[in-house]
Amino acid sequence: MTKGPLDGITVVEIGGFIAGPFAGQLLGDYGARVIKIEPPGGDPMRTWGVVENGRSLWWPALSRNKESVVLDLKTEEDRALAADIFREADIVLENFAPGRLASWDLDYPSVVEENPGLIMVHVSGFGQSGPRATDRGFGSIAEAMGGLRALSGYPDRPPVRAGISLGDEVAGLFAVNGALAALREREHSGRGQEVDVALYESVFALSESLISDWELGGVTRARTGSTLPGVAPSNVYTCADGREVLIAANSDSLYRRLCEAMGQEELKVDERFATHQARGDNTEELDRIVQRWVSTLPAEKLEEVLDEHQIPRGRIYTPEDIANDEQYAARDMIVRKPAPGYSRPVPMPNVVPKFSRSPGSIRTTGTELGHHTESVRREFTREPRGTTG
């Protein structure tokens, strides 16, 4: 185990579900001490998704490297303890609706006077200002309003979900980015600040030229299925054994090598496909040609041929494929960690990114609810005013 690049930084995570806790997971991966404040019933994510003995199989990863402290913030005593912890922290990471912390006297103005270096990261559906600031917001709503769902799926069908909580997790990544940037700025100013992360803005920030395409180019991007408009061949093709492989041969040189791999070199000079523009204009026809060739080969043979011709490819992986992939194994990307209450070690993604000198680590997983409450209470509770030694 190494200390990690954030060793010595104390983070308080308060809130539940995905966006804030995912950010807390990452900060813990990088070596920060993460004190997770949970309500008496615990974070709902403890029992969400696929479960074993009532315990979420996601929880050991989402809660890794965190200390679990149960506080009932409806009580004056526990609010006072939370305030004491805030006053000693470097970062407070919260994802309540705006105004909730203020109702408990735990908002930034209430604690910053005694901890001027505090960085408070807010993660919410719509941000801390604007007409919808206090509305409930989830990752799915963010994906809809951020423009992502309108681009996901096929044009003749309703928008589709990516299959993961993308809106939440992107917001978590921006929360970490903001926290690290604020830590860097604090080195110069000595002062903390608030970092305001809105889920819908986090998704919109990934939208490339979506808005300029519309406003300046008069183009409204739409759902295009598995293809990239104007770029071909770049699609998913089905092999003889039913496996699916994505082939990206969309530059002129890659396309010519694909023609050689297919044994159809005449296609190099076919006017329908000879240029990037022509291939984009004739995507469907070119895809049919590539698909006919791919359907004659099992996936492993196809990959072998593509590799021989240095053509980018990637099989559409199932969890089984991921678990057995040599590239994942070579980089130790899957780790299996024991966690309290689970029958065997729980597999999970390893720390990303990899650091050459101060790598992050997974030190604990799946902490039992409230396991650190008393030790944290002893550490942070202030002596009553007027008490002498």
Side-chain angles (χ1 to χ4, degrees), residues 6 9-30 32 34-39 42-46 48 58-59 61-66 71 73 82 85-86 89-104 106-112 118-146 148 162 164-183 185 192-207:
L6 292 185
I9 297 296
T10 297
V11 177
V12 181
E13 177 193 306
I14 182 168
F17 293 103
I18 301 171
F22 181 60
Q25 173 197 321
L26 298 179
L27 293 169
D29 284 352
Y30 305 153
V34 181
I35 300 170
K36 180 176 177 62
I37 295 177
E38 299 187 69
D43 188 324
M45 293 302 298
R46 286 180 172 272
W48 272 41
W58 186 2
W59 181 253
L62 193 61
S63 67
R64 69 197 195 192
N65 299 325
K66 300 178 184 181
L71 296 183
L73 297 178
I85 300 171
F86 282 20
D90 295 287
I91 299 169
V92 170
L93 173 64
E94 68 92 11
N95 66 337
F96 289 113
R100 178 70 63 83
L101 287 186
S103 71
W104 293 327
L106 294 173
D107 57 331
Y108 190 71
S110 298
V111 297
V112 69
L118 178 67
I119 295 162
M120 184 171 284
V121 181
H122 306 286
V123 183
S124 63
F126 300 99
Q128 302 296 299
S129 60
R132 295 200 63 182
T134 58
D135 287 2
R136 294 280 183 171
F138 294 101
S140 56
I141 305 301
E143 291 166 24
M145 292 185 60
L148 178 62
I164 57 173
S165 301
L166 190 60
D168 290 294
E169 288 155 1
V170 167
L173 289 168
F174 276 106
V176 172
N177 285 348
L180 297 181
L183 281 174
E185 192 278 338
Q193 59 184 302
E194 294 179 86
V195 178
D196 183 359
V197 180
L199 270 68
Y200 83 97
E201 291 171 352
S202 299
V203 174
F204 177 65
L206 304 183
S207 66

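Numbers here simply count residues along the sequence, with the first being 1. Scope of the values below: all heavy atoms of this structure, side chains included, with no hydrogens, waters or symmetry mates.
- When all heavy atoms of G16 and N95 are compared, the closest pair comes out as O-ND2, 2.8 Å.
- Listed by chain and residue number, P44, M45, W48 satisfy the side chain to side chain contact (heavy atoms under 4.5 Å, CB included) test with F17 (two or more places apart in sequence, or in another chain).
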I9 and Y30: CA distance, side-chain angles, deciding distance, side chain to side chain contact (heavy atoms under 4.5 Å, CB included) verdict: CA-CA 10 Å; I9 297 296; Y30 305 153; over 6 Å; no
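- Minimum heavy-atom separation, V123 to A19: CG1-CB, 3.7 Å.
- Legend: salt bridge (Lys or Arg N to Asp or Glu O under 4.0 Å) pairs involving residues 129-143, not counting sequence neighbours, sorted by first then second residue: R132-D135, E143-R149.
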Exercise for review: Go through the steps for L62 and D43 under the test side chain to side chain contact (heavy atoms under 4.5 Å, CB included), then give the verdict.
Suggested key: CA-CA 11 Å; L62 193 61; D43 188 324; 5.6 Å; no
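- E13 pairs by the salt bridge (Lys or Arg N to Asp or Glu O under 4.0 Å) definition with K36, K66, not counting sequence neighbours.
- Considering only residues two or more places apart in sequence or on other chains, D29 meets the side chain to side chain donor-acceptor pair (under 3.5 Å) condition with R64, N65.
- Under the side chain to side chain donor-acceptor pair (under 3.5 Å) criterion, S110 pairs with D107, not counting sequence neighbours.
- For the side chain to side chain contact (heavy atoms under 4.5 Å, CB included) test, no residue two or more places apart in sequence or in another chain qualifies with P39.
- Under the side chain to side chain contact (heavy atoms under 4.5 Å, CB included) criterion, T134 pairs with no residue at all, not counting sequence neighbours.
- When all heavy atoms of G127 and A198 are compared, the closest pair comes out as N-CB, 3.4 Å.
- Partners of E94 under the side chain to side chain donor-acceptor pair (under 3.5 Å) rule, at least two apart in sequence or in another chain, are H122.
- Annotation: salt bridge (Lys or Arg N to Asp or Glu O under 4.0 Å) contacts of D90 (sequence neighbours excluded): R186.
- Across all their heavy atoms, A175 and A23 have their closest contact at CB-CB, 3.9 Å.
- R100 pairs by the salt bridge (Lys or Arg N to Asp or Glu O under 4.0 Å) definition with nothing, not counting sequence neighbours.
- Considering every non-hydrogen atom in both G139 and L199, the closest pair reads N-CD2, 3.6 Å.
- Evaluation of the side chain to side chain donor-acceptor pair (under 3.5 Å) rule for Q25 yields no partner, not counting sequence neighbours.
- For S202, the side chain to side chain contact (heavy atoms under 4.5 Å, CB included) test picks out V170, A171, F174, V197, with sequence neighbours left out.
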